Amino acid sequence: GLTVPGPSLPNMTLSHSGNLTATNSQELLVRVLQFLDENNMNQSSETNSEIILDLSDTSFVDSAGMGVLVQSTRQARARGSDLRIVNLQPNVNSTIQLLRLDAFLTVGDCPNVVSSRTGYTGEISKPSPDVAVLKVPRRLDVSNVNQVIRPYGLNPDSQDCMRWIMDFSDTRFVDSASIAALLNLQKVAGENGCRLELAQVDREVRRSFDLAGAGDKFIWLNTPIPTTLEKAQ
C-alpha cells in the first residue's frame, strides 16, 4: 500500500510497500498526479522540487509496475518536477538495469540538481582554440538553466571560439524554459560570430525539443565531442 509520511522541503515523499504489480500500480500513478496537482510543483522556480518514491519495502515490480514508474516520471517532468526513486531492493534495481530504464528514471538518494556525481563542473573546457565545451547536468530546468549557461557569458575565452558545444551526454531531462534559454543563447552565440551545437543528446531529451517545436532550430552534433587530441573541424 501507499503511505505519505508528509512533505519534506523542497521534496515530497511517497512510500510504497509490497509488490508493485498490475493489481495496484495504478494507485501509485494516481497518488503521484495528486501530489503534482496539490502542490503545484511546476510553479516553483527556487528549488528543484521532486517527488521522492521510497521502494525500500518493495521486493518485486512487474512490467505493469515498471510502466507506471515510467509514466509517473514523464508526468512529473511534464510539470517541471521529477520522480526520484530511492532505496531500491537488489532485484528491483537489477530489473530496472536489465530493461535499461536506469538511463531514463531518476534513481538514487542525491537530490541535487547540479551534482558532482554527474561529472558536472560548470566550467568551460577548451579542447582546441576554436571550441568551447560546456557539460550539461543530468537535469536542466527553470531552476538551474541560467546558472548552467552562465559561463558562456562570463568566460572571455568563449567569445573567441567559433563553436560553443554543449555536452548533453549525462542529461536526462530538459524543460521548456531551458529550451527557450538555449534559443536565446544561440542568438547570443550568433551575435558573437559563434555557432551553438548540442552534442550527444539522449533520445527522450531530443523528443522534448521536438515537442517544443525547437527540434529544427539547433545544430545537433552526434559525432564524438572534440578532445585535446583532435582538432575540431
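Not measured: the values here are computed from a predicted model. Residue numbers run from 1 in the order of the sequence given.
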Approximate separation, where rounding is to 0.5 Å, of [X] [atom1] and [Y] [atom2]:
X	Y	atom1	atom2	value
F104	L99	CZ	CG	13.5 Å
I149	M166	CD1	CE	6.5 Å
Q34	L29	CD	CG	10.0 Å
R77	F173	CZ	CZ	7.0 Å

By side chain to side chain donor-acceptor pair (under 3.5 Å) - contacts of [X] (at least two apart):
X	result
Q75	R79
D54	S56, N87
S169	K135, D167
R74	E204

Just by distance, do the side chain of [X] and the backbone of [Y] share a donor-acceptor pair under 3.5 Å?
X	Y	result
D202	T171	no
W220	Q200	no
T73	L105	no

Item to complete: Could you check Q147 against R150 for side chain to side chain donor-acceptor pair (under 3.5 Å), going step by step and ending with a plain yes or no?
Response: CA-CA 5 Å; Q147 175 191 357; R150 195 163 171 253; over 6 Å; no

Item to complete: Heavy atoms only: give me the nearest L182-L196 pair and the separation to one decimal.
Response: O-CD2, 3.7 Å

Worksheet item: Is there a chain of hydrophobic side chains (I, L, V, M, F, W, Y, each step under 4.5 Å between heavy atoms) that links I219 to I225?
Response: no

Item to complete: If a pair satisfies side-chain hydrogen bond (donor to acceptor under 3.5 Å, both in side chains) and one of its residues is in residues 178-191, list it, with sequence neighbours excluded.
Response: D175-S178

Worksheet entry | Residue pair L53 / R84, side-chain heavy-atom distance below 4.5 Å | no

Worksheet item: In terms of side-chain heavy atoms, does R163 have a donor or acceptor partner in S128 at a distance below 3.5 Å?
Response: no

Discussion item. Just to verify, what does T21 make a side-chain contact (heavy atoms from CB on, under 4.5 Å) with, not counting sequence neighbours?
Written reply: N19, T23, N24, F60, D62

